[in-house]
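Just so it is clear, the structure is predicted and the values come from calculations on it, not from any experiment. Atoms considered below: every heavy atom in the structure, side chains included; atoms not considered: hydrogens, waters and symmetry mates.
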Amino acid sequence: MNINPQLDDLRLFCVVARHHSFAETARELGISKAVVSKRIALLEAAVHEKLFHRTTRKVTLTGQGEIVHQWALRILEDVDLMGEALSREKAAPRGLLRICSSTGFGRSRLAPALSALAGLHPQLEIQLELYDRLVDLVEEGFQLDIRIGRVHESNVITRRIARNRRVLCAAPAYLARFGTPAALDDLHAHRCIPIRERDQDFGRWELDGPEGRVAIKVSGPLSANNGEIVRQWAIDGHGIILRSTWDIGDEIDSGVLVPVLPGYFQQADVWAVYPSRLSVSAKVKVCVEFLEAWFAQTGMNDVP
């Protein structure tokens, strides 16, 4: 079979596969939906296969489309790495770098760091997307995930770029109304605010303390999947939260939030996570090393 697809069409195909939509792809790439449809038709003709099931609401990959998608990701990645290898000795890192992270950390800590990185390396095209869920790096087309907490995947490279821990805290008004827990089991009788965010098990807090690592089931009338919401609810006096020191350090310093059971904490370091095939990527290397230095300079490693 003579298969000769164009690289640009493979790139477009991967964007369609990521969005499950011709319209979203057109918006991202700044072209018309008709152009997207035409180029997908050309790619299908080149590989002699139907690549998408089309409905009025979305498009999904066919079985043959799944195969093409996996190969397209590898081909495009290899082309990018080849370009980096050729330019490594004579030019600064360049090209697209797609990064994901969690919403709160991405907004408050990662975005300023990437702004500084962009100033140093104007030939880098940085795309940052924020999700309060785990992301499949390869499937969703990301080259780098800046993640807080445990990394479960075995097929990725991890590098710790900052130390962090999560601690228990609540507003003085809440503690005045409901009392201060004296022991970990006291949390069963308290209004806790669980969160379903990235690596955290919903309603189950695993903590390190005087007796080693223990787990406790918590509950309360409020819960969310966003750390910024949970923090604000704690400030408003609705319950006890388990949050990162980078997120509630100022509130604890000012007394807006008060530590609870200070002998217990949850280790939640900040990790750079990327596919093993990108271990030789110059732009990933530059970004990871810059973020490690940036967080050290801005006090991210100053955990209790």
Side-chain angles (χ1 to χ4, degrees), residues 97 99-114 116-117 128-137 142-169 194-202 204-216 225-228 230-231 241-253 257 259-276 278-279 284-304:
L97 181 59
I99 305 171
C100 59
S101 190
S102 56
T103 303
F105 187 79
R107 283 164 54 99
S108 66
R109 296 300 180 105
L110 182 57
L114 293 179
L117 176 65
L128 173 64
E129 296 188 27
L130 305 179
Y131 302 96
D132 289 324
R133 61 171 176 81
L134 287 177
V135 171
D136 186 318
L137 289 172
F142 289 103
Q143 294 142 308
L144 183 61
D145 184 2
I146 304 303
R147 189 180 304 182
I148 297 174
R150 293 166 293 183
V151 179
H152 302 284
E153 301 96 318
S154 60
N155 60 338
V156 294
I157 293 176
T158 60
R159 176 166 170 170
R160 184 171 59 198
I161 56 176
R163 294 187 179 275
N164 174 60
R165 59 174 54 177
R166 296 184 180 113
V167 296
L168 298 162
C169 58
I195 183 171
R196 192 187 304 276
E197 183 185 45
R198 286 256 170 160
D199 70 308
Q200 297 187 62
D201 294 330
F202 185 71
R204 181 178 179 273
W205 288 348
E206 195 173 89
L207 302 165
D208 291 317
E211 63 271 41
R213 183 162 297 179
V214 294
I216 184 168
N225 69 337
N226 180 274
E228 294 171 319
V230 165
R231 182 188 61 205
I241 61 172
L242 178 67
R243 291 301 295 160
S244 290
T245 52
W246 64 261
D247 189 32
I248 44 80
D250 290 343
E251 286 76 8
I252 287 180
D253 289 343
L257 292 175
V260 173
L261 299 171
Y264 293 91
F265 66 92
Q266 184 181 87
Q267 199 66 41
D269 294 331
V270 183
W271 298 87
V273 183
Y274 49 97
S276 57
L278 295 184
S279 60
V284 169
K285 181 176 184 290
V286 165
C287 182
V288 170
E289 291 178 351
F290 176 86
L291 292 176
E292 185 175 16
W294 173 275
F295 293 141
Q297 293 168 2
T298 55
M300 271 290 297
N301 284 317
D302 299 336
V303 296

Asp247 vs Arg231, side chain to side chain contact (heavy atoms under 4.5 Å, CB included): CA-CA, chis, key distance, verdict | CA-CA 8 Å; Asp247 189 32; Arg231 182 188 61 205; 2.5 Å; yes
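Judged by distance alone, the side chain of Gln266 and the main-chain N or O of Glu206 form a donor-acceptor pair under 3.5 Å.
In this structure, SG in Cys100 is found 8.5 Å from CD1 in Ile146, a value given to the nearest 0.5 Å. Cys169 SG to Leu242 CG: the interatomic distance, rounded to the nearest 0.5 Å, is 8.5 Å. Note: Ser276 OG to Leu137 CG = 10.5 Å, rounded to the nearest 0.5 Å. Taking CD of Glu228 as the reference point, atom CD1 of Ile195 lies at 9.5 Å (rounded to 0.5 Å). The line from CD1 of Ile161 to CG of Leu291 is 5.0 Å long, rounded to the nearest 0.5 Å.
Counting only heavy atoms from C-beta outward, the side chains of Leu114 and Cys287 approach each other to under 4.5 Å. Leu207 is not listed as a side-chain neighbour of Arg213, based on a closest heavy-atom distance of 4.5 Å or more. Considering only heavy atoms from C-beta on, Glu292 comes within 4.5 Å of Arg159 through its side chain. Counting heavy atoms from C-beta on, the side chains of Val214 and Tyr264 come closer than 4.5 Å. For the pair Arg107 and Leu130, the minimum side-chain heavy-atom distance is below 4.5 Å. Annotation: side chain of Ile241 is not in contact with side chain of Leu168 (no heavy-atom distance under 4.5 Å). Within the 4.5 Å cutoff, the side chain of Val260 has no heavy atoms near those of the Val167 side chain. Inter-residue side-chain proximity for Val156 and Val151 is flagged as met; some heavy-atom pair is nearer than 4.5 Å.
With salt bridges taken as basic N to acidic carboxylate O contacts below 4.0 Å, one links Glu153 and Arg147. Ion pairing between a basic and an acidic side chain is recognised when a charged N comes within 4.0 Å of a carboxylate O; Glu251 and Arg243 show no such pairing.
The two residues Ser244 and Ile148 come nearest to each other via the heavy atoms OG-CG2, 4.2 Å. Here the closest non-hydrogen pair linking Tyr274 and Gln143 is CB-O, 3.1 Å. Ala272 and Val288 make their closest contact through CB-CG2, 3.8 Å (heavy atoms, listed as atom of the first residue, atom of the second, distance). Nearest heavy atom pair, residue Gly263 against residue Pro210, reads O-CD, 3.7 Å.
For the salt bridge (charged side-chain N to carboxylate O under 4.0 Å, His left out) test, no residue two or more places apart in sequence or in another chain qualifies with Arg109. Residues satisfying the side-chain contact (heavy atoms from CB on, under 4.5 Å) criterion with Asp136, sequence neighbours excluded, are Val138, Glu139, Glu140. Residues satisfying the salt bridge (charged side-chain N to carboxylate O under 4.0 Å, His left out) criterion with Asp269, sequence neighbours excluded, are Arg160.
Side-chain atoms of Ser102 and Asp132 include no donor-acceptor pair closer than 3.5 Å.
Here the options are Trp246, Phe295, Phe105, Trp271, the test is side-chain contact (heavy atoms from CB on, under 4.5 Å), and the partner is Asn164; only Trp246 passes.
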